[in-house]
Protein chains: 4
Amino acid sequence: MPRPANTDERRAQITRAFQSILARQGYDGAAIADVARAADLSPGLLHYHFKSKLEILLAVLDGLVERHDRGLSRRLARSAGDPVAELGAFIDFHLGLGSEADPEALACWIVLSGEALRTPRVQKAFARALASMVERLTAILDRGVASGVFRGADPALAAPALVASIEGYFVLAATAPGIIPAGSAATSLKRMAHGLLQPDRPFGPAPKRR
Amino acid sequence: MPRPANTDERRAQITRAFQSILARQGYDGAAIADVARAADLSPGLLHYHFKSKLEILLAVLDGLVERHDRGLSRRLARSAGDPVAELGAFIDFHLGLGSEADPEALACWIVLSGEALRTPRVQKAFARALASMVERLTAILDRGVASGVFRGADPALAAPALVASIEGYFVLAATAPGIIPAGSAATSLKRMAHGLLQPDRPFGPAPKRR
Amino acid sequence: MPRPANTDERRAQITRAFQSILARQGYDGAAIADVARAADLSPGLLHYHFKSKLEILLAVLDGLVERHDRGLSRRLARSAGDPVAELGAFIDFHLGLGSEADPEALACWIVLSGEALRTPRVQKAFARALASMVERLTAILDRGVASGVFRGADPALAAPALVASIEGYFVLAATAPGIIPAGSAATSLKRMAHGLLQPDRPFGPAPKRR
Amino acid sequence: MPRPANTDERRAQITRAFQSILARQGYDGAAIADVARAADLSPGLLHYHFKSKLEILLAVLDGLVERHDRGLSRRLARSAGDPVAELGAFIDFHLGLGSEADPEALACWIVLSGEALRTPRVQKAFARALASMVERLTAILDRGVASGVFRGADPALAAPALVASIEGYFVLAATAPGIIPAGSAATSLKRMAHGLLQPDRPFGPAPKRR
DNA sequence: GATGAATGAGGCTTCATTCAT
DNA sequence: TATGAATGAAGCCTCATTCAT
């Protein structure tokens, strides 16, 4: 007899609108009233479905992470079993040619990194998301080491390094467009991966072949 | 009988206090009143010396960049002339073992990246700072290529890639402590530089030597 | 095929929950949603059974008064016919050794006195409750005067005075615990009653007996 | 050179306006905006001079207590040295014929008792005020006992009892006007004091004189 | 009778900025 | 230069009440 519950849809609707405002105006700049307007809801309703503004932010982060994880899984599935291909897919998924590019998500990600700095709950969730990325990449590298394709590599060091680089590309893409030559990100990161996952060679002129 | 001008000291005093609050509370969270209290000045005075809060933020950014540039120059001077050593110095300066580590500056830098997202003037200054880093690194790499130590490298791609990685390490260090194995950052980045600045080798088992 | 009416139970259920919240959070602090949760009902239902929040408050007051009156009658019945005993019972009932103490009801009573100050309907009901107490006590005293045990007393003055004292004890018990020596209230009030219900004697040293 | 500080006046101005609204509308009903309007100040200014609404309430309480204490001291001074007169003055000061009556202060006092119920800081201050009243009265009674005018009295019980009665008269005066016969309060309380401060006599007909 | 989503007004508080002195 | 009081616009959040189902 009561009106059918629609909490899930509403929460999604709110989260969507919040994410869009968040990308453009940052967390403090994202007024609840703005979000309500964007979602075409009354302001009070946002607080009916979320206890506080922070909860909405965390919901946005959750959504971002979940979509990221699902997308990554799908992408990795194509090259399952081949660590080199998986590594390439991992890199392409994150830095690939804009096919999956989502500037809004990217901007939110940067905003979230800023909030992680000063809000423990955001910090925890943000760090967890990064840790999960590192774990997945570590697993790939481990398999590569086991199969002998990544010689002399320590996945426990290489994975965080690659994730850091990806994160850095994100920041530069969002804040200093033009600094990264178009289309170069994935290629460059792959070369960096080569450096990490192969034995060092000294810099210098090509060794003379006898 | 005008009192002696002390604008410069005052501005420095204000900038210092603002930076400290900024690192802890973010831009919107940094109330002018808080800053004034931290600087032991009256709130009104901040607006006497700075037209607006944003101007203080930009002054902080300027100061950060200037100190960074001076420090980098000093560090590079030690290895002047040797591109490989300079590259190592560049990396160590940014990711080295905490000798120069300044968590406050780091946090401000993250905060600034977030503000760059939504404030054109910050964006411009932030991007300029990054561009300048890329330029300096590019010059080093160029010299290395010219001298034959960096074979098959394209400094125009490699420099942004390395700067992106550094930026990424910054973000992770500030937001997800513990994800980067202690002391590994500079080492890993150097290996990544090897990958970028040397000809590719295919992944795989070590070639048999005849 | 109407479902069986349960309005009365529901109203009692709501009133009970409201009283409990009221004691702890005051009138403005008692959110309908809180009350609904405490009563394990939906918020909408409260307004189905009560026209407004104020009506619930008045229902609580009614309930309080009714229970008080019933309890008092029961207590007085034991000493029916003896004005001195009835007076003692009246005092004990209100200030007795905690046997009947109900801190929740006490707190609500204080809250209600505050609301009486600014809400005419509460004021009226609150004053009526006090007037009824005064009336009952007056009747007792009247009988005592008639029978000669209360000499020189004016029940029209004495009854309000005793009720005021009881009210004062309530306030102190609820707001300044510890100020009233434990167990002293009823005893003290009985002595005060002696003062009211007997001819004055001047203060001073005991008269010399010849 | 700066504008002369006027914090004290402003705080007094705000406290005054708040007290006036408080008496009429209660604590929750006293909107900061209302108070600002009544004080002819901008709303923001109230929070410049007081950290929160609660602080204003506490300032009101402080002011009330201070004025009460000063007034009481002045009144007692007239009968210094004579415990009986002091007791009378104490009672008259609180319940006297409206000469000092301040309905606004009275209403605030009731409101404060309600807030004491649920706000620890108010509770503490409120209880302290009552304790101070009890102390002063106890001192008077002690002297009376020492000098033999109050025979068989225990000031540690009598003082709280009298203060409770005064408090009760306050509540009734504010919430149930008309219940206390005009002009009877002080007289009745004095008779109650007789009961408390003299040896008990059994109720009953006047003893036959021989 | 019952549900719980929805509304929208209003409350407290914060804060960048201005200004009289 | 310097002070700190003053302003007023938002901002987040709460809540009594209504209403579609």
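Here is the naming used below: chain letters follow the sequence lines, and residue numbers restart at 1 for every chain. What you see is a predicted model; the values in this text were computed from it and never measured.
Atom CD of A/E9 and atom P of E/dG4 are 16 Å apart (whole Å). The interatomic distance linking A/D8 (CG) with E/dG4 (P) rounds to 14 Å, in whole Å. Atom NE2 in A/H47 sits about 13 Å away from atom P in F/dG11, given to the nearest Å. Between C/F50 atom CZ and F/dT17 atom C1' there is a gap of 16 Å when expressed in whole angstrom units. Atoms NE2 (C/H49) and P (E/dG1) sit 6 Å apart, rounded to a whole Å. A straight line from CG of B/D40 to C1' of F/dG4 spans 14 Å, rounded to a whole angstrom. In this entry the distance linking CG of D/L46 with P of F/dA6 reads 11 Å, nearest Å. Across the protein-nucleic acid pair, A/N6 atom CG and E/dT3 atom P stand 17 Å apart, rounded to whole Å.
Annotation: the span from C/D8 atom CG to C/H49 atom NE2 amounts to 10.0 Å, rounded to 0.5 Å. The distance from the OG1 atom of C/T7 to the OH atom of C/Y48 is 6.5 Å, given to the nearest 0.5 Å.
Between C/T7 and E/dG1 there is a side-chain N or O to OP1 or OP2 distance below 4.0 Å. When the side-chain nitrogen and oxygen atoms of D/R10 are compared with OP1 and OP2 of F/dG4, none of them lie within a distance under 4.0 Å.
For the pair B/D62 and B/L58, the minimum side-chain heavy-atom distance is 4.5 Å or more. The shortest distance between side-chain heavy atoms of C/V171 and D/I110 does not fall below 4.5 Å. Between A/L64 and A/L112 the shortest side-chain heavy-atom distance falls below 4.5 Å. A 4.5 Å side-chain heavy-atom check between B/L61 and B/L57 finds every atom pair outside the cut-off. The side-chain heavy atoms of D/H47 and D/I32, taken from C-beta on, include a pair separated by under 4.5 Å. Contact of the D/E115 side chain with the D/D28 side chain is registered, since non-hydrogen atoms from C-beta on lie closer than 4.5 Å. Within the 4.5 Å cutoff, the side chain of A/L45 has no heavy atoms near those of the A/I14 side chain.
Comparing A/Y48 and D/Y48, the nucleotide of DNA chain F nearest to each residue sits closer to the 5' end for D/Y48. Closest-nucleotide positions on DNA chain F for A/Y27 and D/L45 were compared, and the one nearer the 5' end corresponds to D/L45. Between A/L41 and D/K51, it is A/L41 whose nearest contact on DNA chain E lies nearer the 5' terminus.
Of the residues in residues 53-60 of chain B, those placing a heavy atom less than 4.0 Å from an atom of DNA chain E are B/K53, in numerical order. Shown for residues 28-37 of chain B: residues whose heavy atoms fall under 4.0 angstrom of DNA chain E, namely B/A30, B/A31, B/I32. Residues from residues 11-24 of chain D lying near DNA chain E, meaning a heavy-atom separation below 4.0 Å, are absent.
Between its opening and closing five pairs, the helix from E/dA2-F/dT21 to E/dT21-F/dA2 changes axis direction by 10°, a value rounded to 10 degrees.
Residues A/R10 and A/Q13 bring a donor and an acceptor atom of their side chains to less than 3.5 Å of each other. Between the side chains of D/R24 and D/S20, a donor-acceptor pair is found at a separation under 3.5 Å.
Enclosure of atom CZ in B/R118 by more than 12 non-hydrogen atoms of other residues, nucleotides or ligands within 6.0 angstrom is indicated.
For C/Q19, the side-chain hydrogen bond (donor to acceptor under 3.5 Å, both in side chains) partners at least two apart in sequence or on another chain are C/R67, C/E104. With sequence neighbours excluded, the residues forming a side-chain hydrogen bond (donor to acceptor under 3.5 Å, both in side chains) with D/R121 are D/E55, listed by chain and number.
Look at the P atom in both E/dG1 and F/dT21: the space between them is 23 Å, to the nearest Å.
Judged by distance alone, the side chain of A/R11 and the main-chain N or O of A/F50 form no donor-acceptor pair under 3.5 Å.
Comparing E/dG4, F/dG4, E/dA6 by their closest approach to the side chain of B/P43 singles out F/dG4.
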